[in-house]
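So the structure is just underneath, and the comments pick up after that.
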Amino acid sequence: MNYFLAIIGGGPAGYTAAEMASKAGKDVVLFEQNALGGTCLNVGCIPTKSLLYGAKQYYNATHAQKYGVTAENVAFDFAAMQKRKTIVVRKLVAGIKQRLNNEHCTVVNGVASVAPPTQTLPSGEEGGIIQIVCNGETYEAENLMICTGSTNFVPPIPGIKDNPAVWDSTDALAATELPKSIIIVGGGVIGMEFATLYHELGVPVTVIEAMPTILPNLDQEIVQVLLDKYRKAGIRILTSTKVESLDGGKVTANGEVYEAEKVLVSVGRRANLQGLEALQDLELERGAIKVDEFCKTNLPNVYACGDVTGKIMLAHVASRQAEVAVGRMLKQIPLQRIAYNAIPSVVYTNPEIASVGLTEQQVRDFYTEMEGAAGIEKAGGVETFYEVKKLPMTFSGRFMVENEGETGLCKVIIERRNQTIVGVHCIGNPCSEFISAASFAVRNGYTVAEFRQVVFPHPTVSEILHEIL
Ligand code: NAD
């Protein structure tokens with residue numbers, strides 16, 4: 001059978017594309033070597049959030065006195081948390097399977113690879129037939145979408161390989177018992193979310209980060225609020241600290257030796273390119289597949305979406321890329337594009353961090369490069385080309401009610417000249433639930449005056465977005 005679209009990888013990019021193209025009446029075959037749902041659903045977003053929710057329940061129960069509630073003999077059962085996580089994941093995987101079945105999409109379980117070119121592909125002309133081999137069968141398709149995702153990067157640190165004390169995030173999620181202590185190498189998103197999980201469950205945590213700060217891509221004033229809280233709570237966070245070697249659970253960094261039962265290495269992820277060897281002319285960029293604004297690769301009829309493109313490694317970016325790519329493939333009018341400048345992101349620490357758009361540092365660097373300075377000299381000092389509006393989260397009544405003793409911060413970055421909102425950054429629960437309102441403003445280029453007209457329900461923490469303007 002000749003398919004319209006063959007998709008390799010059944011994560012958020014792959015299953016979104018499969019469902020959309022099938023719904024449009026196209027014959028689609030999707031290859032997945034593991035369970036549908038990819039990293040996000042099976043060993044990423046969903047399982048971590050499930051465990052983090054359990055940890056938060058425990059943490060809240062043990063800190064309930066501030067709300068006038070005394071809970072005695074509070075305990076947790078890590079194995080039960082794991083079991084619940086597995087059930088949630090299983091149900092969601094089954095849901096995806098059902099959705100694809102409903103659309104009559106062919107799902108093949110196995111390791112797929114692109115066959116060496118037999119007909120016109122990849123000659124540079126449209127219209128070739130692409131052959132995919134899986135489980136000894138050959139499948140033919142007019143279009144190929146590569147959604148093979150990414151895997152944890154293992155840095156070339158002496159003593160890291162085959163070290164039984166070393167975990168990656170997948171190992172940590174599979175563990176049935178908590179470690180007695182843990183060192184986390186890499187204070188990025190994965191590192192800080194696991195630091196939160198272990199800390200809330202009473203495990204001593206040390207985070208070792210090579211850069212001068214954790215979460216280096218986020219607004220640093222926001223990150224500082226988290227750093228202050230976590231350090232005060234007893235999480236040891238070492239920055240500008242480079243791991244030199246490992247020996248079991250002993251980690252040598254900046255000449256000092258730190259020791260824990262387990263060492264979780266979370267220093268980034270790399271694109272999965274296995275099975276694509278036949279696409280010899282496929283253009284890569286920094287180890288990932290180079291794509292255009294519609295997720296087209298340099299080869300005719302070959303698209304790539306999700307982590308394998310190395311753009312922004314987030315599930316919601318992957319699924320949006322898939323929508324845009326399928327829209328392009330189906331020649332839908334108007335052609336949609338991805339607003340990479342308005343992708344919201346959340347770090348599920350406690351408190352959560354949510355952000356969209358440019359950080360203060362990025363805007364400052366942009367103007368410094370463009371104009372030679374971040375602002376102009378005026379009487380009374382420098383007037384920056386951008387404005388930063390800030391409010392503590394405690395300005396929100398609902399935040400005060402539900403976050404006793406907690407601090408938080410909301411920042412809005414505005415281009416001074418045209419009053420356009422270019423970035424919003426928050427720390428404080430539950431900012432993950434309202435950052436999409438800010439994304440809408442950034443996506444549509446709202447000015448302060450326009451966004452001010454949006455009504456937020458009272459009392460909600462989201463009102464901070466109105467108060468701040
Ligand atoms: P990351 O890029 O977010 O962080 C890696 C960190 O490791 C960086 O801070 C880096 O400076 C540090 N590092 C690198 N080499 C080091 C070394 N040798 N020693 C010490 N520190 C070192 O990567 P990640 O945390 O592994 O996450 C991978 C991807 O998954 C990211 O793109 C992330 O956005 C995504 N993710 C997203 C979420 C979410 O949206 N909530 C959750 C988990 C993962």
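Note that ligands are numbered from 1 as they come in the structure, with each ligand's atoms numbered from 1 the same way. Every heavy atom of this structure was used, including side-chain atoms; hydrogens, water molecules and symmetry mates were not.
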Is it the side chain (CB and beyond), the backbone, both or neither of Glu193 that lies under 4.0 Å from ligand 1, heavy atoms counted? side chain

Does ligand 1 have any atom sitting under 4.0 Å from a heavy atom of Lys242? no

If you measure from each heavy atom of Ser266 to ligand 1, is any distance below 4.0 Å? yes

Atoms of ligand 1 less than 4.0 Å from Arg269 heavy atoms? 28 (C), 29 (C), 30 (O)

Would you say the side chain of Pro155 lies within less than 4.5 Å of the side chain of Ile160, judging by non-hydrogen atoms? yes

Where Arg269 and Asp307 come nearest, the two heavy atoms and their spacing: NE-OD2, 4.2 Å

Quick one: which ligand 1 atoms are inside 4.0 Å of a heavy atom on Val189? 3 (O), 25 (O), 34 (O), 37 (C), 38 (C), 39 (C), 41 (N), 42 (C), 43 (C)

Glu402/Asn429 under side-chain hydrogen bond (donor to acceptor under 3.5 Å, both in side chains): CA gap, chis, key distance, verdict: CA-CA 9 Å; Glu402 295 184 357; Asn429 294 331; over 6 Å; no

Which residue owns the protein heavy atom closest to atom 18 (N) of ligand 1, what's the atom, and how far is it? Ile157 CD1, 4.0 Å

Are Val265 and Val267 close enough, and set up right, to give a side chain to side chain contact (heavy atoms under 4.5 Å, CB included), and what steps lead you there? CA-CA 6 Å; Val265 177; Val267 295; 4.1 Å; yes

To check your reading of the model: name the closest protein heavy atom to atom 39 (C) of ligand 1, its residue, and the distance in Å. Val346 O, 3.4 Å

How far is atom 32 (O) of ligand 1 from its nearest protein heavy atom, and which residue and atom name does that atom have? Met313 CB, 3.3 Å

Can you tell me how far apart NE2 (His466) and CZ (Phe456) are? Round to the nearest 0.5 Å. 8.0 Å

Using 0.5 Å steps for rounding, measure from the CD1 atom of Ile146 to the OG1 atom of Thr148. 6.5 Å

Quick note on ligand 1: atoms under 4.0 Å from a heavy atom of Ile208 include exactly 20 (C), 21 (N)

In terms of residue, atom name and distance, what is the protein heavy atom nearest to atom 44 (C) of ligand 1? Ile190 CG1, 3.3 Å

Where do Val461 and Ser396 come nearest, in terms of heavy atoms and distance? CA-OG, 3.5 Å

Hey, is NZ on Lys161 packed in by over 12 heavy atoms from elsewhere, all under 6.0 Å? no

What part of Tyr348 sits under 4.0 Å from ligand 1 if we count only heavy atoms: the side chain, the backbone, both or neither? side chain

Check this for me - ligand 1, Met211, N or O atoms closer than 3.5 angstrom, yes or no? no

Under a 4.0 Å N-O cut-off, is there an ion pair linking Lys56 with Glu200? no

I need the Leu197 CG to Thr48 OG1 distance, nearest 0.5 Å. 9.0 Å

Polar atom proximity, Val185 to ligand 1 (N or O, under 3.5 Å): no

Identify, by atom number and element, the atoms of ligand 1 in contact range of Leu314, meaning under 4.0 Å from any of its heavy atoms. 34 (O), 37 (C), 40 (O)

So which heavy atom in the protein is nearest atom 14 (C) of ligand 1, and how far is it from that ligand atom? Val267 CB, 3.5 Å

Please report which non-hydrogen protein atom sits nearest to atom 11 (O) of ligand 1, along with the residue it belongs to and the distance in Å to one decimal place. Glu209 OE2, 2.6 Å

Any heavy-atom pair between the side chains of Lys242 and Asn254 that's under 4.5 Å? yes

Minimum heavy-atom distance between Thr349 and Tyr230, given as atom pair plus value: CB-OH, 3.4 Å

Charged N to carboxylate O under 4.0 angstrom, Glu463 versus Arg398? no

Please list the nearest protein heavy atom to atom 7 (O) of ligand 1 with its residue and the distance rounded to 0.1 Å. Gly186 CA, 3.4 Å

What residue and atom, counting heavy atoms only, is the protein's closest point to atom 20 (C) of ligand 1, and at what distance? Ala210 N, 3.3 Å

For ligand 1, note which part of Pro216 has a heavy atom under 4.0 Å away: side chain, backbone, both or neither. side chain

Within-cut-off N or O pair, Val243 and ligand 1, under 3.5 Å: no

Nearest candidate to atom 23 (O) of ligand 1, where distance is taken over non-hydrogen atoms, out of Gly268, Ser345, Ser432, Gly188: Gly268

